[in-house]
Amino acid sequence: MTIDWQKEAENYRDDLLQDLTTLLRIDSARDVAHGTQDEPLGPGPAKALRAMLALAERDGFKTLNVDNVAGRIEYGDGDEIFGLFGHMDVVPAGPGWDTDPFEPVIKDGKLFARGSSDDKGPSIAAYYALRLIRDLKLPVNKKIHFIIGTDEESEWVGLNRYLESQPAPDFGFSPDAEFPIINGEKGIATFKVTFKPVAAHSAALTLTSFTAGIRTNMVPQTATATLTGDVPAALREALTTFGPANGVTVASQDTASGLTITLTGKGAHAQEPRGGVNAATYLAVLLAPFGFDPAGKQYLTAIADLMHDDSRGHKLGIAYTDKLMGDLTASPDLFSFGQDAEQSVMINVRYPQGTDAEAIRDRIETTIGPDRVDVAIDGHAQGPHYVSGDDPLVQTLLDTFHDHTGLPAHEQVIGGGTYGRIITRGVAFGAQMPDQENVMHQANEYMPVADIIRAVAIYADAIARLVK
Ligand code: ZN
Ligand code: ZN
């Protein structure tokens, strides 16, 4: 039987968009501050999970809800389990949106909403691929488990909880990255750099506070500093010239005792810091030349000298490249400074095979100076992950992608963090097309509707080949 996958996928367009809209309207960012015993990650992630499972139940699939933090949609039977791994949580909307991030809008064929490309759009495409396979009654000789997490953007609480009580699939893919494939992912670790107290002495200017960032995996879009004291004319001058000279926006407001400065750059996913403009390191560069109090000076100087424009970690002394997996990347993402309060920077690092989190920690501390900082690995480091290009899973997915698009299909390693790494034979497959800009985690995130439908076709064909 020859199947016109694209035509079959088109048949679901209206239903799919309606279901996707339902999911996108739910703000499902992690919100543990409003967590309960029943919904530990907050109301949003649980609500989105239940909404996704409700769609599957409506369509007659068997589902499982694991403690409101993960779920499963099941189809087919056999000895082996083929897994799909999607997620219903999103990163916070953040500033800079032209439309309501939780009210999906289609403009010029692009569907704008937080989660449209990461990962509700690709997840719903994978779900409709399952529906297509079932509706066409294609042969299925494996158990298909579509596993849905709700904490992919943070600590993977959901998927880890799932695997405590449920069987891990034997092989599978996550629709949560890009085509042609991601069969290798760098290791990921976040390092907390805590500055040590320094003896205070009087200074013309005091850095009262410095804050930036909302997540350890996002380049901060805005940064704010509060100063007290006499603001020198040269700093006032810099406030007007720095922005235009550096492609950022600087706004300031006089306060009773000094000045508040807000700098706006561009947010981006931390796995490629070059995709963003780090507001915090730019703000430190702007402020560092002016005579601050000792603690403020120590903080601003370290950021300006050792963290600014350093996506490969050269200044921090952690640069490393592996032939297969590429460059280590470093992204300082969370900044917190107060006099008599925490003075810290969280640096998110993606590292290839050949180095490890302990060695990176040691080098960051040595570079900034053990007399000035303590450096600790925040939470757990995840090691690098790689599935060979010779694995039939990788071969089948690449063949399918090529058959549908005519585009070159090749192995790819990324900064990582997809669910592909949760099992030994796990990869990420789509749904971002190779010519499509990566807008995940950014303001005005979108996904072209045509790419969502195309992903349904590619996923259905790929899954059919893998489970027949
Ligand atoms: Zn994702
Ligand atoms: Zn994400």
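We're numbering straight along the sequence, starting at 1. Indexing begins at 1, ligand by ligand and atom by atom, following the structure's order.
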Could you tabulate the donor-acceptor pairs under 3.5 Å formed by side-chain atoms of residues 213-222, not counting sequence neighbours?
unit_1: Asn217; atom_1: ND2; unit_2: Glu153; atom_2: O; d: 3.1
unit_1: Gln221; atom_1: OE1; unit_2: Gly267; atom_2: N; d: 2.9
unit_1: Gln221; atom_1: NE2; unit_2: Pro95; atom_2: O; d: 3.3

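Listed by chain and number, the protein N, O or S atoms at a distance under 2.8 Å from the Zn ion (ligand 1) are His87 NE2, Asp118 OD1, Asp176 OD1, Asp176 OD2.
With hydrogens and angles disregarded, no donor-acceptor distance shorter than 3.5 Å links the side chain of Tyr282 to the backbone of Val248.
Contact of the Arg30 side chain with the Asp89 side chain is not registered, since no non-hydrogen atoms from C-beta on lie closer than 4.5 Å.
Every residue two or more places apart in sequence or in another chain was checked for a ring pair (Phe, Tyr, Trp, His ring centres under 6.0 Å) with Phe85, and none qualifies. For Gln166, the side-chain contact (heavy atoms from CB on, under 4.5 Å) criterion is met by Leu64, Val66, Arg72, Tyr162, not counting sequence neighbours.
The pair Glu74-Lys142 does not count as a salt bridge, with every side-chain nitrogen at least 4.0 angstrom from each carboxylate oxygen.
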